[in-house]
Amino acid sequence: MLDAHDDLLERRLAALLERDRFPPSDAFRAAALIADGSAHAAAAADPVAWWAEQARALHWFRAPERTLDDADAPHYRWFADGMINASYNCLDRHVTAGLGERVAFHWHGEEGEQRAITYAWLLEQTQRAANALKALGVRRGDVVAVYLPMIPEVVVAMLACTRIGAVHNVVFGGFSPESVKERVEASDARVLITVDGARRKGRTAPVKAAVDAVGMPVARTLVVRHARSEDCPMSGRDAWWHEALAAAEPACPAEPLPAEHPLFILYSSGSTAKPKGILHTTGGYLTQVAWTHKNVFDLRPERDVYFCTADVGWITGHSYVVYGPLANAATSVMFEGAPDYPHKGVWWELCERYGTTILYTAPTAIRACMKWGPEHVERFDLSTLRLLGSVGEPINPKAWLWYWKAIGGERCPVVDTWWQTETGAITVTTLPGAQDAKPGSAGTPLPGIAASVTEDGLLTLDRPWPSMLRTLLGDPDRYAATYFPHGAGTYVAGDAARVDADGYLWLLGRVDDVIIVSGHNLSTAEVESAIVAHPKVAEAAVVAQVDADTGQAIAAFVTLEGDLEGDDALVDELRSHVARRIGKLARPKRIVWADDLPKTRSGKIMRRLLRDIADGRELGDVTTLREPAVMEELKRKVAERRTADGD
Ligand code: WTA
């Protein structure tokens, strides 16, 4: 916890050097949906009843009479007797209300292509896709894996599943086909929806060919034609998405489903090598995602243009690209590409072009833009922006201030939103018209959420909330043991935090073995087991090292088999080995050859000491170390490596 204290001091200092509170402007407050403490107060008086009230904003085929059922805690149920359908709430409801021609997504392709995706178009495509899935034998409760880039079809694929009660399992396009295979196997997916090729910075990756190469264990695949990849083999179990949709019946009414019907599975890193299949259900998830999207972003759907830069393959994409915005009939910008292609100002170009009013992005992207320099921002007119959001990791006050000044023109409140794949929706932040922001602090628990910090500095959520995960797929015991180690009433988030005198939470990072690289969660155990799977490797220990750009980066200490010697060629080989197994973002930034690893007398690797050397800090307590000499040797090697890497 020592590092955590230093970090906190640094942040406090940075906050004091500037101003430490940023209230919304009078103009923002005057127009805000929530401009005072009334929502917090109403929810505090009776949180369960308050959530029942918020659920009424949705369309229910049968309105729930029950709200929270804690009979089987920590397996909580919300609105269990209600009947609902997510795609109905995201599409039919708006089209019936006359909003069919409203743009749901201004889709912008890498090469500047534009598509205006309306609610009517999404509804039409979703019904056809749902019928196409049925024709492939997909039934209610079946799992459908989705491995697609940021294209409108990914939204259609997700909503088509929900329409018929199938459960989607979206795998981030940056993960390797090996990872997709592992997730397909673990979730027992019958069908995979994928793409011919994915475009990335002017190049095309042959996705379908790569999927075939690993031997994907699904009965059928649907393939979206997007990149016109020449390398796209099609066999008997494959069908083209556009042909299947054209052949499908146009009408597929949304099925009324129980509120606790599974909506999706999303895999997340844990402290073992096995990713956790986080399961979310329908009614509670949609209630909280819709409420938070509307009120945290102060959304006026008839005039706002909202841009969330997250990929749909992460929870932020699920909740705040797809379900929240669509449930609220919002108009969004959806961008296929990377923030630096075709140029480093492309996000700001999109903000100007589409008149973006609300921007939601991650600290790692903000730091990259800061580094690229103001000239990429200043070329564009950002005067339509009125609110900024941040998610994924703690935002350092310096980056916060830059975001507020250079992007927000000192005019836009910044909401720093703390939440997790497990929480489903935002749980800690400031309501922008009602609360001041403090750079570096995420703010307070939202209405209906109770959070606190334990004596040993851990953040807990102290009451169930509607969008919480319901279980880990196939492993309810791991669910209870991981998140409720002290009993059903207290959810342990796995983050260290401090709370200040105003009740604001200061998040200090993960306490388990999860590394957050550019806001993407990776498990040390998963990366270690990928490295150890290489035939030349005997043992490996993976830790996070501080990184100015990505927040954290992966450092790997690797012991080779026998008397093999490590060299630069093997570094490259191991890095591409990890990229193949997990994905490029899991590649270690630094690999250090270690003859031995620091271990306790009982043989446990002491990652704490490895973190100290990776960051060049004084070593912490070494008294339990079996072979103290190991550390001197490693220190020397890390120093050599730093010199060789030029930092
Ligand atoms: C971290 C992403 C500080 C945290 C939505 C959490 C944050 C993990 C913030 C979840 C924030 C996310 N301030 N830390 N505003 N937002 N985190 O599951 O460590 O990808 O536990 O969900 O990201 O990451 P996940």
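Numbering of ligands and ligand atoms starts at 1, following listing order. Worth knowing before you read on, the calculation uses all heavy atoms, side chains too, and leaves out hydrogens, waters and symmetry mates. Since the structure is predicted, the reported quantities are computational estimates derived from the model, not experimental observations.
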*Applying a 4.0 Å heavy-atom criterion (strictly less than), which segment of T417 is in contact with ligand 1: side chain, backbone, both, or neither?*
backbone
*With backbone taken as N, CA, C and O and side chain as the heavy atoms from C-beta onward, which portion of A442 lies under 4.0 Å from ligand 1: side chain, backbone, both, or neither?*
neither
_One residue to check: Q420. Relative to ligand 1, which of side chain, backbone, both or neither has a non-hydrogen atom less than 4.0 Å away?_
both
*With only distance considered, is G392 within less than 3.5 Å of ligand 1 through an N or O on each side?*
yes
*Is E178 paired with R580 through a side-chain N to carboxylate O contact shorter than 4.0 Å?*
no
*With the threshold set at 4.0 Å, does a side-chain nitrogen-carboxylate oxygen contact exist between D502 and R21?*
yes
*Considering only NZ, NE, NH1 and NH2 on the basic side and carboxylate oxygens on the acidic side, decide whether D549 and R367 come within less than 4.0 Å.*
no
*Considering distance alone, does some N or O of T421 sit under 3.5 Å from an N or O of ligand 1?*
yes
*Purely on distance, is any nitrogen or oxygen of S390 under 3.5 Å from one on ligand 1?*
no
*Name the one of Y306, Y360, Y323 that satisfies ring pair (Phe, Tyr, Trp, His ring centres under 6.0 Å) with H293?*
Y306
*asked:* Using a plain distance cutoff, I'd like to know if T316 has any nitrogen or oxygen under 3.5 Å from a nitrogen or oxygen of ligand 1.
replied: no
*Do you know which of F28, Y403, W400 makes ring pair (Phe, Tyr, Trp, His ring centres under 6.0 Å) with F22?*
W400
